[in-house]
Amino acid sequence: MSIFNQNEKGMDWRTLLAVALSVLVMSGYAFLQTLKAPKIVEPTAVAEPAPVAEPPKAAELVAAPAPAAPAVSAAADGAALPAVEAPSVESRTVLKTDVFEATFTNRGGELVSLKLLQHADRDGVMDLVLDPDADVEGFSIAFGGPDALPSRELMNVSRPDSNSIVFSRTYFGRGADGALKPFTLSKRYQFAPGEYMFRLEISLATETGDYLPLDLEGKGYTLSFGPQIGPRYEHLSKTADFRKFVVFQEGKRKLIRPKGGLETKSERVAWSAISGKYFTLIAIPDAGNWETTYESTVVDGKPGVTAFAFTRPAIKSSRQTDTFLFYAGPKSSRELARYDGADRNSFKRSDDNLEEVLEGGNVLGWLEALLKIGLNFFYGLVKNYGVAIILLTVLVKLIMFPLTKKGSMATARMAEFQPRIKELQEKYKSNPQKLNQEMAALYQKEGYNPLSGCLPMLIQIPLFIAMYALFNNHFDLRGASFIPGWISDLSQPEAIVEFPPVSLLIFKFGAIRALPIIYLASQLLYGKFTQQPTSGAQSAGQMKMMMYGMPIMFFFILYDVPSGLLVYWIVSNVLTIFQQIAINRIIHAKRAEAAAAAPPAPKLIVPNKGTRKK
């Protein structure tokens with residue numbers, strides 16, 4: 001990167017500006033490091049262990065027995081707890097809607113699989129419950145704080161209707177008088193057709209009217225989800241996927257970056273989300289005083305755990321019902337916006353602002369939104385996002401043509417000043433201050449603004465950044481094919497040949513890609529047609545660096561970007577070349593017209609040598 005450290009005397013303002021703009025563009029590629037999340041440990045109050053099951057048959061799924069809770073176990077009291085109604089073997093229940101296939105286990109009433117039927121993963125249907133270590137905590141409950149072990153006793157199952165499932169069981173906890181008191185825990189999941197949102201009601205009650213025996217060092221219980229959301233992955237590159245925590249608090253979107261991998265916050269938030277590139281799990285708690293714990297860990301350079309847990313304070317009543325709503329699905333504006341209007345969803349939610357989980361929202365968010373509208377409009381016409389990107393690029397170039405023309409005309413005028421500028425540089429080469437004054441006077445006299453030639457380049461920067469964000473995060477581009485067999489996913493880099501990554505100093509090379517090579521060729525050709533006039537060997541050398549050095553450097557920077565972005569940039573370069581050809585013809589025509597209209601130069605009369613004076 002030594003080109004950014006040059007400080008040679010005489011480097012003109014155009015080169016400095018170009019380098020500065022390049023730095024701005026490159027800074028747009030930086031991604032936030034992926035965030036990761038919490039592992040829940042150690043119960044304080046536990047129910048009677050389930051009766052020991054017979055050895056499982058081949059078709060049966062039986063988990064390991066839940067760990068004993070020292071505070072309330074029968075062994076600790078020296079007396080057997082009363083028998084409770086509970087199943088003796090684990091069973092699984094599938095609840096299916098048109099968008100979900102949810103699989104539950106009666107061991108703790110947990111969700112072990114949540115398939116999104118309308119979205120595919122590389123292994124088939126997308127499963128949002130990702131469990132790489134076979135330690136599922138899909139809405140597990142632990143009695144106590146976030147460090148308590150989940151309570152995974154076998155629970156009774158009932159189906160009130162086709163879209164609901166209820167798990168319940170009697171537990172025992174020690175009251176203030178030291179006696180063991182029974183209470184019932186119930187978990188009710190309620191789904192709705194066509195919705196990626198579902199409700200979870202957690203009910204606790206005693207039959208005697210006594211306070212619930214749930215005051216474990218000031219904590220009642222903890223609801224957790226982890227260790228990770230899908231889709232499945234073997235590695236996460238900068239453009240492939242990520243995991244992070246997003247919260248919506250006091251009307252603002254915020255990122256949570258757990259310090260040391262684990263962080264607990266007591267401030268109330270409207271919702272908390274585990275967010276990936278294209279899918280998210282958003283938890284909307286009720287108005288209770290919840291503490292939220294976020295945990296993230298990295299394993300082999302990728303998110304190992306990204307989980308959160310919600311802890312309720314000690315319960316000072318005989319009954320308590322808490323309600324959570326969960327959105328578990330695509331990061332699609334179309335789906336997320338449904339929960340801003342009560343008439344648009346089955347749960348009558350409004351003003352949830354779930355779209356804030358989407359990436360973007362920066363100062364160029366408005367431009368990204370406009371480009372998305374244009375992209376979706378063209379897709380509606382042609383049903384191919386690759387062609388839609390080309391049409392959108394044509395529209396952008398047509399809109400920008402007046403500015404491009406103005407910049408090119410300014411560049412042409414600059415060529416006319418070169419001889420006079422060179423004279424001034426020679427005349428005042430030992431007096432830079434006087435040289436600047438004389439050049440400023442020349443520009444003022446001719447009515448020329450030296451920045452006018454850079455205007456199109458300045459506009460390209462926000463366009464590039466907005467396009468990058470659009471192609472990198474727009475959900476509908478996920479898996480969108482342009483040319484089958486080559487560019488099969490516009491949200492990912494294309495590849496002709498892939499192989500295990502090879503590190504080449506600062507560049508990791510893991511595939512041969514055609515689009516970056518085509519981009520480089522188009523960028524070099526683009527530079528040939530749009531180069532600015534120069535004066536002096538040094539300026540010519542600097543211009544060559546900009547024409548050849550910068551495209552080559554950007555070839556490596558853009559090598560692994562989404563293919564949709566490179567399609568846009570290649571088409572933009574080609575269109576600019578044709579625009580420049582047309583502008584050059586206009587400039588030549590104007591010069592010819594001006595030359596024809598100019599008065600003829602006066603003729604010189606040379607006296608005849610043979611004529612004598614009289």
Side-chain angles (χ1 to χ4, degrees), residues 37 95 97-102 104 109-111 114-116 128-129 137-141 160-167 185-204 220-226 229 245-251 253-254 256 265 267-276 279-294 307-312 320-358:
L95 187 155
T97 70
D98 51 341
V99 299
F100 283 136
E101 182 180 294
F104 299 89
E110 294 181 8
L111 180 68
L114 186 63
K115 293 182 178 178
L116 308 185
L128 201 65
V129 177
E137 294 180 3
F139 309 116
S140 65
I141 285 184
D161 56 65
S162 61
N163 291 318
S164 300
I165 185 168
V166 179
F167 298 91
L185 166 67
S186 174
K187 298 169 71 176
R188 178 188 177 110
Y189 298 87
Q190 182 183 358
F191 293 77
E195 304 247 6
Y196 287 101
M197 183 173 280
F198 59 92
R199 177 185 286 121
L200 171 58
E201 288 184 357
I202 301 170
S203 299
L204 300 126
Y221 69 87
T222 296
L223 174 71
S224 64
F225 181 91
I229 66 169
F245 295 113
V246 182
V247 302
F248 192 66
Q249 183 179 21
E250 297 177 350
R253 177 188 195 268
K254 298 180 180 178
I256 301 294
K265 292 186 173 292
E267 300 91 346
R268 172 160 175 71
V269 298
W271 49 258
S272 296
I274 301 174
S275 179
F279 297 93
T280 185
L281 177 76
I282 305 175
I284 309 173
D286 59 20
N289 296 320
W290 299 96
E291 274 188 356
T292 311
T293 301
Y294 306 89
F308 50 24
F310 300 87
T311 302
R312 204 186 202 295
Q320 180 65 44
T321 298
D322 298 316
T323 303
F324 283 83
L325 287 164
F326 292 95
Y327 175 91
K331 289 171 66 173
S332 162
S333 295
R334 182 173 54 254
E335 296 295 340
L336 295 164
R338 295 178 62 179
Y339 304 99
D340 288 333
D343 59 336
R344 300 168 63 188
N345 63 86
S346 302
F347 296 96
K348 305 301 179 186
R349 300 292 301 181
S350 62
D351 302 321
D352 279 332
N353 296 295
L354 299 189
E355 283 185 283
E356 292 293 326
V357 78
L358 298 174

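Note that the coordinates shown come from a computational prediction; the quantities given were computed from them, not determined experimentally.
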Can you tell me if Arg268 has over 12 outside heavy atoms packed within less than 6.0 Å of its CZ?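 Result for CZ/Arg268: enclosed.
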Atom CG of Asn289: over 12 foreign heavy atoms under 6.0 Å: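 Atom CG in Asn289 is not crowded, with 12 or fewer foreign heavy atoms closer than 6.0 Å.
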To the nearest 0.5 Å, what is the distance between [atom1] ([X]) and [atom2] ([Y])?
| X | Y | atom1 | atom2 | value |
| --- | --- | --- | --- | --- |
| Thr280 | Glu335 | OG1 | CD | 13.5 Å |
| Ile282 | Leu336 | CD1 | CG | 5.5 Å |
| Ser224 | Ile141 | OG | CD1 | 9.0 Å |
| Ile256 | Thr293 | CD1 | OG1 | 11.5 Å |
| Asn163 | Arg199 | CG | CZ | 12.0 Å |
| Leu281 | Ser272 | CG | OG | 10.5 Å |

Taking side-chain contact (heavy atoms from CB on, under 4.5 Å) as the definition, give me every residue that meets it alongside Ala192, ordered by chain and number, with sequence neighbours left out.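 Ala192 satisfies side-chain contact (heavy atoms from CB on, under 4.5 Å) with Glu195, Ser346, Phe347 only.
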Can a donor-acceptor pair be found between the side chains of Asp352 and Tyr327 at a distance below 3.5 Å? no
Any donor-acceptor N/O pair, Lys331 side chain to Gly276 backbone, under 3.5 Å: yes
If we ignore hydrogens and angles and just use 3.5 Å, is the side chain of Asp340 paired with the main-chain N or O of Asn353 as donor and acceptor?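 Confirmed, Asp340 side chain pairs with Asn353 backbone.
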Shortest non-hydrogen contact from [X] toward [Y]:
| X | Y | value |
| --- | --- | --- |
| Arg338 | Arg334 | CG-O, 3.4 Å |
| Leu116 | Ala328 | CD2-O, 3.8 Å |
| Phe308 | Ala283 | CZ-CB, 3.9 Å |
| Val246 | Trp271 | O-CZ3, 3.7 Å |
| Leu128 | Gly329 | CD2-N, 4.0 Å |
| Ala342 | Ser350 | N-CB, 3.8 Å |

Taking side chain as C-beta onward, heavy atoms only, is [X] less than 4.5 Å from [Y]?
| X | Y | value |
| --- | --- | --- |
| Tyr339 | Ile284 | no |
| Tyr294 | Val247 | yes |
| Phe100 | Leu114 | yes |
| Thr97 | Pro193 | no |
| Met197 | Asn345 | no |
| Phe191 | Val99 | no |
| Leu200 | Leu223 | yes |

Parallel, tilted or perpendicular: rings of Phe139 and Phe225 (30°, 60°):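 The arrangement is tilted - the two ring planes meet at 30° to 60°.
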Classify the ring geometry of Tyr189 against Phe167: parallel below 30°, tilted from 30° to 60°, perpendicular beyond 60°.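 It falls in the perpendicular class, over 60°.
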For Phe324, ring pair (Phe, Tyr, Trp, His ring centres under 6.0 Å) partners two or more places apart: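 Phe324 satisfies ring pair (Phe, Tyr, Trp, His ring centres under 6.0 Å) with Trp290, Phe310, Phe326 only.
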What verdict does the side chain to side chain contact (heavy atoms under 4.5 Å, CB included) test give for Ile202 and Tyr221, after you've listed the backbone C-alpha separation in whole Å, the side-chain angles of each residue and the deciding distance to 0.1 Å? CA-CA 10 Å; Ile202 301 170; Tyr221 69 87; 3.7 Å; yes
Go through the steps to decide whether Ser203 and Arg188 satisfy the test side chain to side chain contact (heavy atoms under 4.5 Å, CB included), and finish with yes or no. CA-CA 8 Å; Ser203 299; Arg188 178 188 177 110; over 6 Å; no
Please report the C-alpha distance between Phe245 and Ile274 in whole Å, then the side-chain angles of each, then the deciding distance to 0.1 Å, and finally whether the side chain to side chain contact (heavy atoms under 4.5 Å, CB included) criterion is met. CA-CA 5 Å; Phe245 295 113; Ile274 301 174; 3.9 Å; yes
